[in-house]
2 protein chains.
Amino acid sequence: MSLDFVPLKNPTHLAPVTTADKVYEQLLHQIVSGKIRAGSKISEPELAKKFEISRSTLREALNRLEKCHLIERKANVGSRVVDCSIEGLLELYITREALEGMACRQAAMNMTDDEIVSMREMLEEHGKQQDLKDGISYYQEEGDVDFHYKIILGSHNQQLINILCGQLYHLVRMYRIQFGMKSSRATRAFQEHSQIIQAIADRDGELAEFLMRRHIAASRKNIERKIAEQI
Amino acid sequence: MSLDFVPLKNPTHLAPVTTADKVYEQLLHQIVSGKIRAGSKISEPELAKKFEISRSTLREALNRLEKCHLIERKANVGSRVVDCSIEGLLELYITREALEGMACRQAAMNMTDDEIVSMREMLEEHGKQQDLKDGISYYQEEGDVDFHYKIILGSHNQQLINILCGQLYHLVRMYRIQFGMKSSRATRAFQEHSQIIQAIADRDGELAEFLMRRHIAASRKNIERKIAEQI
DNA sequence: GCAACAAATATTGTCGACAATTACACAAAG
DNA sequence: CTTTGTGTAATTGTCGACAATATTTGTTGC
């Protein structure tokens, strides 16, 4: 299996230099996209052979996946991909609400004017795409993630950035893909994004946090509602 | 170097089964306590020899330290212990404020009555010790951590538990030890703890989160003040 | 047919050696 | 004296093999 192509999008992302890095990226993508099924057992010998690397190198890659909580290891038993459950999804969103809310508050305090301008431009761009496609759209989904990434980075808080971009957002993307979560409240979400940016531009940290928390909570409740309907 | 003695206190803690587990615990303790200095470079051959294990096993242990952000690795360069900076400490407390605030809100919603009783008992115990020693005390410091651990666990949210107990609190303890942070507001903190438990017992999640955030923010501001004085 | 135990198989953990990369020491040039 | 370049030494990354543990298979007894 080739190790070249890089299928990743993450602001924390560094260029992969070592073999284990590249395998890690491949596996990350395959898990997030569901090509390696959630909850499935990982066979070290099997994967090592598939990637044509030694088990040591593969284990190094697995360690990094474990670091972002995409797999879980038990001593002398092995690794499993985390499984996607509704409870897990809700817990994830609650955690996001806390962290991104604070990140948003910090962003209002710490973002440079340039960063704010750049966010406004991005939002405009998203608005145009929304005009064209309205409803569901790949760009909306990716656009949403981009928006959140920029705010997180804008907090200038390395702890928040590491936890959110380095760990939680891989899971967020995984759930989005595997549960087929298209937002269904795109125009609404776009408005909320605008409000949030305005609060940041006004340097109103308290409001910015409040709005971000409401934004994520709304998204969570939307999911809860859908789940309830399916029963 | 012997690998037997277990010097750890963490609710997420599982019995170490593998050699790498034991070495990880030893290193964790040595880093948190400052025996291995913050910011210092880690030599794999040197440490492996000291523990009388192979480099592979040591690297396995290092991977776990990296997982809780106690060391940082650069490809082809090596590992360093994270260094303790004032900015890092403040960022840590801001992150704690967000996460523990939410954990406290969830605890108010999800704790069982038994858990609440158990918290009350613990607080009483701490109160007695405070009567005796008043001022600075080992028990106060450990008691404070115990209090926070219990609330985090009470959230019943695995994400919050993992991030806080598995990652952030190692850093918290490291900073406490290395910066010699004795609270200096012990009686005040005790009162705040009481208030928080009351809010949880009343199932008032909103108030519980508010109080916990104020509690941690006060602690952070206390640190900022001390730092300012030293200049 | 089912349960409990035993042997065989497969998987994970650990080891030591080699390859690739980086850091260091020293010499030569400006 | 500083700086640049080169060669050596040290460190990290990767590999394949062996040991320890878990899982599966097969067998025996009821």
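Here is how names work: the chains are called A, B, and so on, in the same order as the sequence lines, proteins then strands, and each is numbered from 1. What's counted below: heavy atoms across the whole structure, side chains too, no hydrogens, waters or symmetry copies.
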Name each donor-acceptor pair under 3.5 Å that joins a side chain in residues 75-83 of chain B to protein atoms two or more places apart or in another chain, with its distance.
residue	atom	partner	partner atom	Å
B:Arg80	NE	B:Gly39	O	3.2
B:Arg80	NH2	B:Gly39	O	3.3

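For B:Thr57, the side-chain contact (heavy atoms from CB on, under 4.5 Å) test picks out B:Thr19, B:Ala20, B:Ile53, B:Ser54, with sequence neighbours left out. Applying the side-chain hydrogen bond (donor to acceptor under 3.5 Å, both in side chains) criterion to B:Ser43, with sequence neighbours excluded, gives no partner residue. Residues satisfying the side-chain contact (heavy atoms from CB on, under 4.5 Å) test with B:Gln178, not counting sequence neighbours, are B:Ala38, B:Cys84, B:Met174. For A:Arg55, the side-chain hydrogen bond (donor to acceptor under 3.5 Å, both in side chains) partners two or more places apart in sequence, or in a different chain, are A:Glu44. Residues that satisfy the side-chain contact (heavy atoms from CB on, under 4.5 Å) test with B:Ser118, not counting sequence neighbours, are B:Lys150. B:Ala208 meets the side-chain contact (heavy atoms from CB on, under 4.5 Å) test with B:Cys104, B:Ala108, B:Ala199, B:Ile200; sequence neighbours excluded.
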N/O-N/O pairs, protein side and nucleotides 6-8 of chain D side, under 3.5 Å:
none

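Annotation: A:His148 is in aromatic contact with A:His193 [ring centroid separation under 6.0 Å].
Residue pairs satisfying the salt bridge (Lys or Arg N to Asp or Glu O under 4.0 Å) criterion with at least one member in residues 97-109 of chain A, sequence neighbours excluded, are listed as follows: A:Arg96-A:Glu100, A:Glu97-A:Arg213, A:Glu97-A:Arg220, A:Arg105-A:Glu209. Every pair tested for salt bridge (Lys or Arg N to Asp or Glu O under 4.0 Å) that includes a residue from residues 152-167 of chain B fails, sequence neighbours excluded, so the list is empty.
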Using a cut-off of 4.0 Å between protein heavy atoms and nucleotide atoms, how would you tag nucleotides 9-22 of chain C 5' to 3' with B, S and -? ---BBBBB----SS
Taking Watson-Crick and G-U wobble pairs with both distances under 3.5 Å, convert DNA chain D into its dot-bracket string, 5' to 3', dots for unpaired and | for cross-strand pairs. ||||||||||||||||||||||||||||||
